[in-house]
Amino acid sequence: DALAEYFDGLIEQDQRVEPRDAMPEAYRTTLVRQMAQHAHSEIIGMQPEANWITRAPSLRRKAILMAKVQDEAGHGLYLYSAAETLGVDRSELLDKLHSGRQKYSSIFNYPTLTWADAGAIGWLVDGAAIMNQVPLCRCSYGPYARAMIRVCKEESFHQRQGFEILWVLARGTEEQRAMAQDAANRWWWPALQMFGPPDTGEHASSGHTAQSMAWGIKRFSNDDLRQKFVDMTVPQAQKLGITLPDPDLAWNEERGHWDFGAIDWDEFWRVLKGDGPCNEQRIRTRVEAHEEGAWVREAADAYAAKQAARRQPEAVA
Amino acid sequence: DALAEYFDGLIEQDQRVEPRDAMPEAYRTTLVRQMAQHAHSEIIGMQPEANWITRAPSLRRKAILMAKVQDEAGHGLYLYSAAETLGVDRSELLDKLHSGRQKYSSIFNYPTLTWADAGAIGWLVDGAAIMNQVPLCRCSYGPYARAMIRVCKEESFHQRQGFEILWVLARGTEEQRAMAQDAANRWWWPALQMFGPPDTGEHASSGHTAQSMAWGIKRFSNDDLRQKFVDMTVPQAQKLGITLPDPDLAWNEERGHWDFGAIDWDEFWRVLKGDGPCNEQRIRTRVEAHEEGAWVREAADAYAAKQAARRQPEAVA
Amino acid sequence: MSGQHHVDYLLGLGDDALVYAQRLGEWLTHAPQIEEDMALGNVALDLVGQARALLTHAGEVEGADPVRDEDDLAMLRHEREFRNVQLVEQPRGDFAHEMARLLWFATYQRELYAALLTSTDETLAGVAAKAVKEVDYHRDHATQWVLRLGDGTQESHDRMQAALVAVHPYVAELGEDHDAARWAAEHGVGVLPSSLTDAVNAYISGVLEQATLTLPDAPRWHARGGREGVHSEVMGYLLAEMQHLHRSHPGASW
Amino acid sequence: MSGQHHVDYLLGLGDDALVYAQRLGEWLTHAPQIEEDMALGNVALDLVGQARALLTHAGEVEGADPVRDEDDLAMLRHEREFRNVQLVEQPRGDFAHEMARLLWFATYQRELYAALLTSTDETLAGVAAKAVKEVDYHRDHATQWVLRLGDGTQESHDRMQAALVAVHPYVAELGEDHDAARWAAEHGVGVLPSSLTDAVNAYISGVLEQATLTLPDAPRWHARGGREGVHSEVMGYLLAEMQHLHRSHPGASW
């Protein structure tokens, strides 16, 4: 029909779909799920770093870390708002997060054990996130694309801050250097897993990659993004003087890319399915905050209703 | 009557009154109040020191401190048991503590701000307590006297441990020496107040000293005990190399005692009446523990009742 | 001694900001809504900024050799050397408790920084000029929440009233004059805390009335001694958490 | 490397005792009755004693120059160097949670120390000889409470059952073999944790049955990594509290 044709035309011409436009239900559902999962990742992703706010080693680092965690809250809000343009409600999405019906990036199910982890998260996790997100700035859905532009700008700032944390540690005392190396050891493989299962082979998931690509929601395959990330990160690690924990890492002249070793996809699925070190803790923390705040949100609603009534006394009387 | 004569005879001959003996109601009431207050002081007195268990500077000190706080719990139990011989119930006495109808020693309304405070409490607070308690080992009421013998033995051990904490600090780094001196500065005057208001003058309380002395519950006046404490403690401070915070402290050749400066009785009454740094906190901590433990105590009772019933099945059937 | 009073006065201001930032930082990921994670984070961030400027300046005025910088002062002082009021070190309570505390503290800071705009200590006047705008926002934020909670639901009203009672024993200390402040007031560097009290009380009374809340009766006790380094027992745990990493790597840079 | 395995094995045992003593120490003044302040204090005290002996011995076997003593190891190691299981570092819950944790841990320790009586490491065998009696009492104490709570009131039954569920994800780690333990078992110094599991489970099953409780289903996740120094996020806060004073006075004696 005409509406479907109009939508297909927008996609073909690589133009933006806007909330007012008609769109296939599957496109809407896919986008809502993806934006929600992305928003949830920002919100849950606050926790591993917030863990170091009260213990940051200097006041400057404390301030930077607070600002970063705050930015993540902001990203969550943009993304929930973007999702809301498709007729869902933030509270509905949060309920799905809290009950486990929607996911967040599994990377945040690992603990931050040392200060260097705040650096590694900025460098590797935000670095991988940017790799995933930059293409989304050209996503076919307008509100999502615009949110991503804003998010990406801040994320690349965070990535540089993470790199700088490790830079200083790597040039510090022997213990600081060991701390930086240990963090890289623990975060490297989970960061590679952030791009999702491989495109082919026994570990490939029966995902929606092809459809998402056709819709202009996804621009590169998981493995392509992963390779770009490895190619970007290896020289950074060399600059830092940190050894990435992969003996198979080697420059492949022929491919013009870095080769890397086999990823432990069993661990990936295990953690994704709930048996990660922090899955339960992350959700519990989030749910507790939400439940403990229920009376506050109710009070704000009640107050707003009273104020509205006071502004229109005749309507009440 | 004959019973009163028998009681008076026991007191006159400095013999022990036992639970089975008839005794004046006022004697009983005074003893219950005093033993309860004493027991409460042991229980509340656990808090300032327990505050340093998780932060003790060495494992040896951690062990000693844990053992000490545990001993205080034990002292509380002896003393509640002694009070129970007069027909009251521990839970009744605890209720009175929790609701503020019975007091505990006001010294425990001061905070332990540094590790040296664990030393100062042992040295000064336990030292003052022993001074008060040794005469009670000859108290006319048998169960109280016997509890005190046991308590005093352990207290003098604690006093030596406190002295030793300060001894090590006073021979330590500059910061450790300052810590020891600061603790002595803060605990000295409150320790002197532990003997209660002066016997005479505007600050004297309308207490029951005379009657308690006649009954053999009290053996020395407040001021006498205080003087004995000062005379004992000043040489110890000299040995430690700690300056007691009283410019008027001076050996009085004529009296054969140490003269000391004026005690701030306004502060004493203020703290006693509730405006001390920790009054509210101490009671709140105690009440919370008690309330949070209610379901445990109920479970233990229910289980005991079931077990008793199981032992006598015929009685149940 | 005058130099020491000057230092102590600055440390008092800086420690208030630092320690309260530490408590507010605990809210991140625990706030009742995401907007509030951001807002409390903002307040905390402003306070860390104030603390950094004030502690840096305190170190310069102190002029030790070598000069102690903001981290030396924040991370390497012992509890008895911290000069903040006890209000800011109290553990995080519920959201009403935090808004009660923030209302008092931001209102106090607002009057304080407004008065310090004309400090003869030009660095301090400069800090105040920036900070007065920040704390104006903090005060407004707390005010809006106290109104919402006070005049929201029955539960929020009761919690807000209980929070005022819980915070009340700690507010007198904000207005207590101490040696360093007396010296600072005499020399035009600072201001007597007691001189701010009327304005603070007037603002808060107005808010409470509008929020259908009542100022609690005079509390049975009140906190004292923070400016002389006498804190409540929770302070040691706060410092252990704040300083442990820094102290675990003596001499390291971050 | 064999020396390092020996050290690591001893550190694992010592850190378990130390960290659990730290958590149990938090109960003092917070127990449901005064008798229990004493009892939990006793357990904590026994564990501190075991930790001191084990860490001292670990330092001797390590043979660094100078030798690291019990306090060097307890107070100056970083989180990633602690080798305790995650069970013992978890925050204090309600009394049922503590009794569930103590039941598992003391039962594990009882089997462990019984097996270590014949260790070829004579110092370790000596520690075990003393400790086995202590943990026998701990296990009995936990058993009595699990019976009372399980078969007490409905509330205590529900809390006790919930506590078993909460603790369950942490118990598998007690029975997990790790490199140091494999080395120790091979050399007669120690014992494979997995070899203790059947006896532990048998005892606990007996207690739970008598207490009208049920062993929870296999948990969705379980803790791993403590023996390699991978802890849960609460561990850093525990160490900050435990070490702060010691670290604040480098080189001091106490």
Side-chain angles (χ1 to χ4, degrees), chain B residues 39 42-44 46-47 49-67 69-74 76-77 80 90 94 114-115 165 168-169 171-173 175-176 179 282 285-286 288-307, chain D residues 18 21-42 44-45 48-49 51-52 55-56 69-71 73-75 94-96 99 144-145 147-157 159-160 238 241-246 248-254:
Chain B
E42 296 285 354
I43 297 308
I44 296 291
M46 295 164 70
Q47 291 184 33
E49 291 176 285
N51 184 38
W52 284 92
I53 286 176
T54 59
R55 298 180 291 166
S58 73
L59 297 189
R60 176 171 164 262
R61 292 292 176 195
K62 192 190 287 285
I64 292 173
L65 189 58
M66 275 180 175
V69 173
Q70 225 192 349
D71 282 346
E72 285 160 359
L77 288 181
Y80 286 125
R90 193 211 301 183
L94 283 175
T114 74
W115 167 251
I165 286 177
V168 171
L169 294 177
R171 270 134 205 88
T173 66
E175 285 182 338
Q176 286 178 305
M179 193 191 282
R282 298 292 182 232
T285 298
R286 177 66 215 137
E288 277 173 9
H290 191 72
E291 288 177 355
E292 281 168 13
W295 68 272
V296 177
R297 297 189 301 275
E298 282 159 22
D301 290 346
Y303 179 79
K306 285 187 199 176
Q307 289 298 96
Chain D
L18 174 61
Q22 185 74 0
R23 286 296 183 209
L24 286 171
E26 296 174 12
W27 274 100
L28 279 164
T29 73
H30 296 283
Q33 54 193 30
I34 300 165
E35 287 83 351
E36 207 50 33
D37 281 307
M38 293 185 73
L40 292 175
N42 241 326
L45 206 46
V48 172
R52 294 179 64 191
L55 295 183
T56 298
D69 69 15
E70 58 184 57
D71 289 326
L73 289 169
M75 300 297 184
D94 70 1
F95 188 70
M99 289 305 105
Q144 294 309 317
W145 271 115
L147 293 177
R148 284 188 203 111
L149 299 181
D151 194 18
T153 64
Q154 186 63 47
E155 178 181 6
S156 71
H157 177 87
R159 280 180 182 255
M160 195 63 233
L238 179 148
E241 191 173 318
M242 184 171 88
Q243 299 182 331
H244 180 257
L245 173 59
H246 187 94
S248 295
H249 298 271
S253 298
W254 301 96

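By convention in this document, chain letters (A, B, ...) are assigned in the order of the sequence lines, proteins followed by strands, and residues within each chain are numbered from 1. Only this structure's heavy atoms are used, side chains among them; waters, hydrogens and symmetry mates stay out.
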[options]: which one forms the most heavy-atom pairs within less than 4.5 Å of chain B?
{"options": "E70(D), E35(D), R148(D), Q33(D)", "result": "R148(D)"}
{"options": "H246(D), M75(D), M38(D), Q154(D)", "result": "M38(D)"}
{"options": "L18(D), L45(D), D37(D)", "result": "L45(D)"}

Answer with side chain, backbone, both or neither: which region of [X] has an atom nearer than 4.5 Å to a non-hydrogen atom of chain D?
{"X": "E292(B)", "answer": "neither"}
{"X": "A50(B)", "answer": "side chain"}
{"X": "I43(B)", "answer": "side chain"}
{"X": "A56(B)", "answer": "backbone"}
{"X": "V69(B)", "answer": "side chain"}
{"X": "R171(B)", "answer": "neither"}

### Message
Has E241(D) got a side-chain atom pairing as donor or acceptor with R55(B)'s backbone, closer than 3.5 angstrom?
### Response
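No; judged by distance alone, with no hydrogens or angles, the pair does not exist.
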### Query
So, K62(B) side chain and V48(D) main chain: donor-acceptor pair closer than 3.5 Å or not?
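No, because the side chain of K62(B) does not come within donor-acceptor range (under 3.5 Å) of the backbone of V48(D).
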Point-to-point distance, once rounded to the nearest 0.5 Å, from [atom1] of [X] to [atom2] of [Y]:
{"X": "H30(D)", "Y": "T285(B)", "atom1": "NE2", "atom2": "OG1", "answer": "6.0 Å"}
{"X": "E49(B)", "Y": "T29(D)", "atom1": "CD", "atom2": "OG1", "answer": "11.5 Å"}
{"X": "E72(B)", "Y": "L28(D)", "atom1": "CD", "atom2": "CG", "answer": "10.0 Å"}

### Trace of the side chain to side chain contact (heavy atoms under 4.5 Å, CB included) decision for R90(B) with I34(D)
CA-CA 11 Å; R90(B) 193 211 301 183; I34(D) 300 165; 4.0 Å; yes
Most contacts with chain D, counted as non-hydrogen pairs under 4.5 angstrom, among [options]:
{"options": "M46(B), E298(B), R286(B), E291(B)", "result": "M46(B)"}
{"options": "A302(B), A299(B), A300(B)", "result": "A299(B)"}
{"options": "R297(B), Q307(B), Q47(B), E288(B)", "result": "R297(B)"}
{"options": "W52(B), W115(B), Y303(B)", "result": "Y303(B)"}

To check you understand the geometry: which heavy-atom pair defines the closest contact between [X] and [Y], and what is its length?
{"X": "P32(D)", "Y": "G293(B)", "answer": "CB-CA, 3.5 Å"}
{"X": "D71(D)", "Y": "L59(B)", "answer": "OD1-N, 2.9 Å"}
{"X": "Q22(D)", "Y": "T54(B)", "answer": "NE2-O, 2.7 Å"}
{"X": "E175(B)", "Y": "S248(D)", "answer": "OE1-O, 4.1 Å"}
{"X": "W295(B)", "Y": "L149(D)", "answer": "CZ3-CD2, 3.8 Å"}
{"X": "A63(B)", "Y": "R52(D)", "answer": "CB-NH1, 4.4 Å"}

Taking side chain as everything from C-beta outward and backbone as N, CA, C, O, which of these in [X] sits under 4.5 Å from a heavy atom of chain B? Side chain, backbone, both or neither.
{"X": "L55(D)", "answer": "side chain"}
{"X": "R23(D)", "answer": "neither"}
{"X": "A44(D)", "answer": "both"}

### Message
Are N42(D) and Q70(B) packed together at the side-chain level, in the sense that at least one heavy-atom pair is separated by less than 4.5 angstrom?
### Response
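Sidechains of Q70(B) and N42(D): in contact.
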### Test ring-ring contact (aromatic ring centres under 6.0 Å, His included) applied to Y80(B) - qualifying residues, sequence neighbours left out
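For Y80(B) the ring-ring contact (aromatic ring centres under 6.0 Å, His included) partners, ignoring immediate neighbours, are H40(B).
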#### Entry: For A252(D), side-chain contact (heavy atoms from CB on, under 4.5 Å) partners two or more places apart
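side-chain contact (heavy atoms from CB on, under 4.5 Å) check on A252(D) returns T173(B), Q176(B), H249(D), W254(D).
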